[in-house]
K.L.:
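Pasting in a structure now, in C-alpha cells, and then I'll have a few things to ask.
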Amino acid sequence: MAHPIGAPAASPALLNSLPDAAALQQARIDLAACFRMAARHGLQEGICNHFSAVVPGRPDLFLVNPYRLAFSEITASSLLVCDFHGNVVEGDGQPEATAFFIHARLHAAKPRARVAFHTHMPYATALSMLEGEPLAWAGQTALRFYGRLAVDENYQGLALDEREGDRIAGSLGEADVVFMKNHGVMVLGETIAEAWDDLYYLERAAQAQVLAMSTGRKLLRVSDEIARRVAAQEAAGRRDSARLHLNSVRRILTREEPAFLA
C-alpha cells in the first residue's frame with residue numbers, strides 16, 4: 001500500500017539555483033533508463049518502490065519518481081526534484097510518502113549514498129523473508145557482495161515518518177546493500193550506474209540461490225578466503241563495468257523504447 005506525500009510549495013531560491021542543466025538532464029536520463037530496464041526485468045511492484053539520486057552539484061536536492069507512475073512509464077522529465085524537507089522543487093506531482101521518508105533521510109545521513117534504489121524485487125525479497133542470513137556465499141554472482149551487505153532485522157511497518165528512515169540509515173554501517181527483513185532491499189551507490197549494476201546482479205544472485213535451494217540439496221558454499229578474493233577481484237573493475245552496463249541499457253532503450261528520453 002502506498003501513500004502520497006503532500007506537495008508543499010517549491011522554494012524560489014532553490015528553483016533559481018539548480019545546477020548545470022546538462023548534468024541534471026543526464027542524471028534524469030540515466031535514472032529513467034534504470035526504471036525502464038528494471039520494469040523489463042520484473043523488479044518493480046505496481047506504482048510503489050523508488051529510485052533516487054542526489055542532484056549533481058546540489059547535495060541538498062534529489063531526484064525521485066512521482067507517486068502515480070509505474071516504472072515502465074517513467075521518463076526523464078517526469079522525475080521530481082525534491083529537497084530533504086518534503087518540498088517538490090521541480091516537477092509535476094509528489095513522491096510517495098515512504099519514498100520521501102526513506103530516501104531523504106538516507107541521503108542526508110549518508111553523503112556517500114548519492115544513489116538509493118529500493119525495490120521489492122521477488123527473489124531478493126523472498127530471501128529477506130527467511131530466517132538467518134539472506135544471501136549465501138555459494139555462487140560467483142553473490143560473491144561480488146561479500147563484505148558489502150547489512151541486514152535490517154527490525155521491520156516496523158510502513159515508513160511514514162522520519163524515524164523509520166533514520167533507523168534504516170542507522171543499520172547501514174558501510175554497507176552498499178541492505179536486506180530489509182520482511183520488506184525488500186535497498187541498494188546504495190556513488191553513481192547511478194553502480195547502483196543499477198548492483199541491483200541487477202543482486203536479483204540474479206538471489207534468483208540463483210532460490211533455485212538452488214528449491215532442489216532440497218545443501219548449498220555448496222565457498223570459503224571466506226575465496227569469497228574475499230573474488231569480492232576484491234570484482235571490486236577492481238566494478239565501476240568501469242557498471243558504466244558500460246548502463247551504457248548498454250541506454251542503447252537498448254534508445255533503440256526500442258525511446259520515450260524514456262522525453
K.L.:
Work out which heavy atom in Gly184 is nearest to a heavy atom in Ser128; give both atom names and the distance.
P.N.:
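For Gly184 versus Ser128, the nearest heavy atoms are N-OG, 3.9 Å.
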K.L.:
Does CD belonging to Gln140 count more than 12 external heavy atoms closer than 6.0 Å?
P.N.:
no
K.L.:
Taking the side chain from Arg148 and the backbone from Asp176, do they hold a donor-acceptor pair closer than 3.5 Å?
P.N.:
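Checking the backbone N and O of Asp176 against the side chain of Arg148, no donor-acceptor pair under 3.5 Å is found.
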K.L.:
Which value, rounded to the nearest 0.5 Å, describes the distance between Ser78 atom OG and Glu73 atom CD?
P.N.:
9.0 Å
K.L.:
Answer yes or no: is there an ion pair linking Arg112 with Glu174, defined by an N-O contact shorter than 4.0 Å?
P.N.:
yes
K.L.:
Do Val54 and Phe117 belong to the same hydrophobic cluster, where Ile, Leu, Val, Met, Phe, Trp and Tyr are linked whenever their side-chain heavy atoms lie under 4.5 Å apart, directly or via other members?
P.N.:
no
K.L.:
Would you name the heavy atoms of Ala150 and Ser171 that are closest together and state the gap between them?
P.N.:
CB-O, 3.6 Å
K.L.:
Would you please test Asp198 and Arg144 for side-chain contact (heavy atoms from CB on, under 4.5 Å) and show each step?
P.N.:
CA-CA 9 Å; Asp198 274 344; Arg144 68 183 276 135; 2.9 Å; yes
K.L.:
So, for His103 and Phe62, is the gap between ring centers shorter than 6.0 Å?
P.N.:
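Ring-ring flag for His103/Phe62: false, centres at least 6.0 Å apart.
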K.L.:
Checking the side chain of Gln26 only, and the main-chain atoms of Ala23 only, is there a donor and an acceptor separated by less than 3.5 Å?
P.N.:
no
K.L.:
If we only count heavy atoms from C-beta on, is the Leu127 to Gln209 side-chain gap below 4.5 Å?
P.N.:
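The answer is yes, as the side chains (C-beta and beyond) meet within the 4.5 Å cut-off.
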K.L.:
Check for me, please, whether Tyr146 and Leu219 land in the same ILVMFWY cluster - side-chain distances under 4.5 Å, paths through other members count.
P.N.:
yes
K.L.:
Quick one: does any side-chain atom of Asp166 pair with a main-chain N or O of Ala169 as donor and acceptor, under 3.5 Å?
P.N.:
no
K.L.:
Pair Arg239, Glu190 - check salt bridge (charged side-chain N to carboxylate O under 4.0 Å, His left out), show working.
P.N.:
CA-CA 10 Å; Arg239 176 162 294 189; Glu190 292 185 12; 2.8 Å; yes
K.L.:
Can you find a pair of side-chain heavy atoms, one from Phe260 and one from Leu253, that are under 4.5 Å apart?
P.N.:
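Yes, side chains in contact.
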K.L.:
Working note: Asp152 + Lys181, criterion salt bridge (charged side-chain N to carboxylate O under 4.0 Å, His left out); need CA distance, chi angles, decisive distance, verdict.
P.N.:
CA-CA 6 Å; Asp152 176 13; Lys181 285 295 184 87; over 6 Å; no
K.L.:
Check Pro66 against Asp92 and note the closest heavy-atom contact, atom names and distance.
P.N.:
CB-O, 4.3 Å
K.L.:
Answer yes or no: is there an ion pair linking Glu234 with Arg229, defined by an N-O contact shorter than 4.0 Å?
P.N.:
no
K.L.:
Checking the side chain of Ser241 only, and the main-chain atoms of Gly237 only, is there a donor and an acceptor separated by less than 3.5 Å?
P.N.:
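The answer is no, because no donor-acceptor pair under 3.5 Å joins these two groups.
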K.L.:
Quick one: do Leu188 and Val177 satisfy side-chain contact (heavy atoms from CB on, under 4.5 Å)? Show the steps, please.
P.N.:
CA-CA 6 Å; Leu188 308 174; Val177 174; over 6 Å; no
K.L.:
Could you state whether Leu130 and Met121 fall into the same hydrophobic cluster, counting links through intermediate Ile, Leu, Val, Met, Phe, Trp or Tyr residues with side-chain heavy atoms under 4.5 angstrom apart?
P.N.:
yes
K.L.:
Are Tyr155 and Leu135 co-members of a hydrophobic cluster defined by side-chain heavy atoms under 4.5 Å apart?
P.N.:
no
K.L.:
Is the closest side-chain heavy-atom distance between Thr119 and Val185 below 4.5 Å?
P.N.:
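The answer is yes; the side chains approach within 4.5 Å.
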K.L.:
Ignoring hydrogens and geometry, is there a side-chain-to-backbone donor-acceptor pair from Thr125 to Pro122 under 3.5 Å?
P.N.:
no
K.L.:
Does any part of the side chain of Leu106, heavy atoms only, come nearer than 4.5 Å to the side chain of Met186, both counted from C-beta?
P.N.:
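Yes, side chains in contact.
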K.L.:
So, taking the atom named CG in Leu244 and the one named CG in Asp240, what distance separates them when rounded to the nearest 0.5 Å?
P.N.:
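Spacing of CG (Leu244) from CG (Asp240) equals 4.5 Å.
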K.L.:
Using distance alone, with no hydrogens and no angle criterion, decide if His41 and Glu203 have a side-chain donor and acceptor under 3.5 Å apart.
P.N.:
no
K.L.:
Just checking Asn247: does its CG atom have more than 12 heavy atoms from other residues, nucleotides or ligands closer to it than 6.0 angstrom?
P.N.:
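Yes, enclosed.
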K.L.:
Rounded to the nearest 0.5 Å, how far does CZ of Arg238 lie from NE2 of His245?
P.N.:
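Here the interatomic distance stands at 14.5 Å.
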K.L.:
Would you indicate whether the side-chain heavy atoms of Met37 and Trp196 approach each other to under 4.5 Å?
P.N.:
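Yes, side chains in contact.
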K.L.:
Does the side chain of His118 pick up a donor-acceptor pair with the side chain of Asn49 at under 3.5 Å?
P.N.:
no
K.L.:
Considering non-hydrogen atoms only, spot the tightest contact between Val88 and Gln94 and give its length.
P.N.:
CG2-CA, 4.4 Å
K.L.:
Hey, do the aromatic rings of Phe71 and Phe51 have their centres closer than 6.0 Å?
P.N.:
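Ring-ring flag for Phe71/Phe51: true, centres closer than 6.0 Å.
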K.L.:
Charged N to carboxylate O below 4.0 Å: is that the case for Arg40 and Glu256?
P.N.:
yes
K.L.:
Report yes or no: do Leu31 and Ile252 belong to one cluster of Ile/Leu/Val/Met/Phe/Trp/Tyr joined by side chain heavy-atom distances under 4.5 Å?
P.N.:
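Yes, because Leu31 and Ile252 connect within a single hydrophobic cluster, where side-chain heavy atoms sit under 4.5 Å apart.
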K.L.:
Which value, rounded to the nearest 0.5 Å, describes the distance between Arg105 atom CZ and Phe84 atom CZ?
P.N.:
9.5 Å
K.L.:
Can you tell me if Gln207 uses its side chain to pair, donor with acceptor, with the backbone of Leu202 under 3.5 Å?
P.N.:
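Judged by distance alone, no pair lies under 3.5 Å.
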K.L.:
Measure from the side-chain N and O atoms of Asn87 to the backbone N and O of Val89, and report whether any donor-acceptor pair falls under 3.5 Å.
P.N.:
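Absent.
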K.L.:
Roughly how far apart are Arg221 CZ and Ile226 CD1, rounded to 0.5 Å?
P.N.:
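Nearest 0.5 Å value for the CZ-CD1 distance: 14.5 Å.
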K.L.:
Quick check: closest heavy atoms across Pro95 and Val64, and the distance to 0.1 Å?
P.N.:
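Residues Pro95 and Val64, closest heavy atoms: CB-CG1, 4.0 Å.
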K.L.:
Testing the 3.5 Å rule here: is there a donor-acceptor pair between the side chains of His183 and His120?
P.N.:
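Checked: His183/His120 side chains pair up, N/O donor to acceptor below 3.5 Å.
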K.L.:
Walk me through whether Val222 and Arg228 qualify under side-chain contact (heavy atoms from CB on, under 4.5 Å).
P.N.:
CA-CA 10 Å; Val222 305; Arg228 280 192 295 269; over 6 Å; no
K.L.:
Identify the residue among Leu24, Leu63, Ile29 that makes a side chain to side chain contact (heavy atoms under 4.5 Å, CB included) with Leu79.
P.N.:
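Answer after filtering Leu24, Leu63, Ile29: Leu63.
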K.L.:
Verify side-chain contact (heavy atoms from CB on, under 4.5 Å) between Phe179 and Leu149, making sure each step is shown before the conclusion.
P.N.:
CA-CA 8 Å; Phe179 275 88; Leu149 296 185; 4.2 Å; yes
K.L.:
State the CD1-SG distance between Ile192 and Cys34, to the nearest 0.5 angstrom.
P.N.:
6.5 Å
K.L.:
Backbone N or O of Gly173 within a donor-acceptor pair of the Lys110 side chain at under 3.5 Å?
P.N.:
yes
K.L.:
Got a donor-acceptor contact below 3.5 angstrom from the Arg114 side chain to the Ala53 backbone?
P.N.:
no
K.L.:
Check Asp197 with Arg243, please: is the shortest side-chain N to carboxylate O separation under 4.0 Å?
P.N.:
no
K.L.:
Which heavy atom in Asp83 sits nearest to a heavy atom in Gly86, and how many Å separate them?
P.N.:
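Minimum heavy-atom separation between Asp83 and Gly86: OD1-N, 3.2 Å.
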